[in-house]
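Take a look at the structure below.
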Amino acid sequence: MPELINKDALIVIFKPIIKALFDKEKEEAEGATINIDEFRKKYCGGKGREWVRVFIFDEFPEVDFENDGFVVNPRGGKKTIIFRKDAKKWIEANYHRIDWNASIKKDFGR
């Protein structure tokens, strides 16, 4: 008797859906961390590392973990660790306070 359900077709259909659900659950997990590159790409429109350090981490001391914020070692030196859930919440609440048009001025030896 032939099978009525094509198992391979079901895998092709449901595997991406299950992966997306798993990724979303992982992303929203309490205590999940990301690095500065993930943060800048996902929440800062792809701005550079230095831009994020100057115009977010330096500009807003409340984001520093020492001030009950979401970023550990915001100025580098040691590995920068960012708590994803709190970072997302802070960006959503404060995006209007950030000068997204600010630019890092390079000193070319002048």
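Here the structure is a predicted model, which means the values were calculated and not measured.
- Using a 4.5 Å heavy-atom threshold, the side chains of Phe55 and Ile104 count as touching.
- When side chains are defined from C-beta on, Thr80 does not count as touching Val72, because their heavy atoms never get closer than 4.5 Å.
- Interatomic distance, Lys89 NZ to Lys85 NZ, rounded to the nearest 0.5 Å: 6.0 Å.
- With contacts defined as side-chain heavy-atom distances shorter than 4.5 Å, the pair Ile34/Tyr43 qualifies.
- Of the possible polar contacts, none joining the Asn94 side chain to the Arg97 backbone as a donor-acceptor pair under 3.5 Å is found.
- Residues Asn73 and Lys79 share a closest heavy-atom pair of ND2-O, 2.9 Å.
- In this structure a side-chain-to-backbone donor-acceptor pair under 3.5 Å is present from Glu38 to Asn35.
- Val71 has its side chain out of reach of Phe60: every pair of non-hydrogen atoms, C-beta onward, lies at least 4.5 Å apart.
- Checking side-chain atoms of Arg40 against main-chain N and O of Gly45 turns up no donor-acceptor pair under 3.5 Å.
- Grouping the Ile, Leu, Val, Met, Phe, Trp and Tyr side chains by contacts below 4.5 angstrom, directly or via other members, places Ile11 apart from Ile17.
- Taking SG of Cys44 as the reference point, atom CD1 of Ile98 lies at 6.5 Å (rounded to 0.5 Å).
- In this structure, Trp51 contributes its side chain and Ala102 its backbone to a donor-acceptor pair below 3.5 Å.
- Annotation: ring pair (Phe, Tyr, Trp, His ring centres under 6.0 Å) contacts of Phe65 (sequence neighbours excluded): Phe83.
- In this structure a side-chain-to-backbone donor-acceptor pair under 3.5 Å is missing from Asp86 to Phe70.
- The line from OG1 of Thr33 to CD1 of Ile82 is 9.0 Å long, rounded to the nearest 0.5 Å.
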Ile56 vs Lys47, side chain to side chain contact (heavy atoms under 4.5 Å, CB included): CA-CA, chis, key distance, verdict: CA-CA 11 Å; Ile56 296 180; Lys47 298 285 190 181; over 6 Å; no
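- Between the side chain of Asp64 and the backbone N or O of Gly69, no donor-acceptor pair lies under 3.5 Å.
- Asp37 has a carboxylate O that lies under 4.0 Å from a charged side-chain N of Arg49, or vice versa, which qualifies the two as a salt bridge.
- Between the side chain of Trp90 and the backbone N or O of Glu62, no donor-acceptor pair lies under 3.5 Å.
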